[in-house]
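What follows is a single structure, written as structure tokens, with notes after it.
Model, not experiment: these values are computed from the prediction. To find a chain, count down the sequence lines: A is the first, B the second, and so on, and within it residues start at 1.
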Amino acid sequence: MVDHPAADSDEIRYSRQVLFEGIGKEGQQRLGVARVAIVGCGALGCFHATLLARAGVGRLRLIDRDFVEFSNLQRQILFDEEDARQILPKAGAAQQKLQRVNSRIRIDAEIEDLNSGNAHRLLSDVDLILDGSDNFEVRLLVNDFAVARNVPWIYGACVGSYGLTFTIIPGETPCLRCLFESAPPPGTMPTCDTAGVLGSIVSVISGLQTAEALKLLAGRREALNPGLQAVDVWEGRLQTVSLGPGSRRSDCPACGRREFEHLEGRVESNAVMLCGRDSVQVRPLSAGKVDLERLEKKLAPLGGVERNRYLLRARIEPYLITVFTDGRAIITGTRDEGVARSVYARYIGH
Amino acid sequence: MRLKINGAVRQFPGDLMLPALLEKLQLPAARVAVERNRTLVHRDKYSSVRLEDDDELEIVQLVGGG
């Protein structure tokens with residue numbers, strides 16, 4: 001008599017992936033013990049988390065500061081209307097959905113704003129960092145951490161119908177700062193606010209990133225794409241820029257001179273424009289828990305206030321203010337960081 | 001001068017430095033990566049790159065969304 005594996009065994013679950021010669025049995029075992037941090041659980045991050053959870057990566061850490069809105073549903077594949085109505089935190093909603101897809105892996109949700117103060121805690125003990133963030137400041141921070149701690153990371157970004165990705169292996173490939181030394185000045189980049197974004201480019205870029213992740217985690221580094229890949233799904237264009245060893249800059253602030261100013265918090269703003277929305281996030285100058293119930297009482301006379309255990313939302317015309325328990329706030333109704341800081345100071349206070 | 005830019009051949013009159021080309025293409029130097037004949041050009045060298053006939057360039061724009 002032949003023993004058949006149980007219908008819900010890992011052997012059956014991952015059978016099609018194990019059949020693929022690039023992964024195989026050994027690769028699958030490696031995936032099962034791998035640990036990945038996904039920075040941002042928006043459009044890109046939803047795809048990263050979905051693909052890696054289904055592929056059987058043993059431990060995923062989803063890091064996102066934001067909550068689900070109706071304008072996300074067009075491209076953020078893990079969320080639904082109910083999540084938006086309940087204004088659920090993205091990392092928590094994604095964790096719950098994916099744990100139903102694969103209960104045999106561990107998924108942790110970190111509802112926090114990644115910054116120099118918590119990067120060591122949130123990014124430690126992982127084999128890989130996947131970039132699903134929406135701003136350059138966080139990417140420079142991730143790059144500093146990855147180079148300082150010798151952890152691979154995979155950059156990915158999209159806007160409109162265009163996106164690009166490249167895989168950074170510290171000590172081998174150029175790092176993000178070899179290519180782009182500093183963040184472009186505010187207002188100089190096309191953003192999801194000004195140019196919009198298609199779900200299809202997000203799926204392409206996140207698909208490329210995830211394939212790179214599987215190669216790395218399954219121990220197939222020789223199969224990694226050398227260089228930077230850019231795709232435009234509207235124009236049907238695929239570009240590759242080969243980043244050979246000569247592309248590393250010996251005077252790169254991060255991987256050359258090993259100066260990690262973003263990780264050390266020497267270059268950090270406390271107000272950041274959010275991609276795709278008429279909003280600015282403000283971080284308080286000092287950390288500390290906010291008593292949302294008390295704040296609700298304080299703001300109730302000024303406008304409509306809603307609260308759940310994660311956040312409080314107040315409509316104080318012309319702004320919508322969303323405050324999280326860690327003191328962060330998202331000020332909707334302005335794109336001006338100064339205005340946002342002042343709204344924060346007026347209604348929440350530092 | 002004949003240049004191959006992102007796979008397409010284009011003609012430009014006279015000598016051309018890399019920053020002038022980026023300007024003609026309306027690409028801000030601060031947010032592109034440029035590969036010339038399969039070698040990445042470092043940003044601080046842009047102003048000293050004199051383009052030559054039949055150079056092959058790949059120019060990729062940086063974006064920040066996601």
Proximity breakdown for [X] and chain B, heavy-atom pairs closer than 4.5 Å:
| X | result |
| --- | --- |
| A/R75 | neither |
| A/A230 | side chain |
| A/D251 | side chain |
| A/V241 | both |
| A/T240 | backbone |

Review point. In Å and rounded to the nearest 0.5 Å, what is the CG to CG distance from A/L228 to B/L62?
Key: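 Output value for this atom pair is 9.0 Å.
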Top of B/H42, B/R38, B/E58 for chain A proximity - count of heavy-atom pairs under 4.5 angstrom
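Answer, by heavy-atom pair count under 4.5 Å with chain A: B/H42.
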Where [X] and [Y] come nearest, the two heavy atoms and their spacing:
| X | Y | value |
| --- | --- | --- |
| B/A30 | A/F180 | O-CD2, 4.1 Å |
| B/D44 | A/R249 | OD2-NH2, 3.8 Å |
| B/Q61 | A/Y162 | O-OH, 2.7 Å |

(Q) Taking atom CD as the centre, does A/Q74 end up with more than 12 heavy-atom neighbours from other residues, nucleotides or ligands that are less than 6.0 angstrom away? (A)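 Counting other residues, nucleotides and ligands, CD of A/Q74 exceeds 12 neighbours.
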Region of B/V32 that comes under 4.5 Å of a non-hydrogen atom in chain A: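 It is the backbone, since no side chain atom gets that close.
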What residue, out of [options], has the most heavy-atom pairs lying under 4.5 Å from chain B?
| options | answer |
| --- | --- |
| A/Q239, A/R139, A/R237 | A/Q239 |
| A/G227, A/S133, A/P174 | A/S133 |
| A/L243, A/I201, A/L44 | A/L44 |

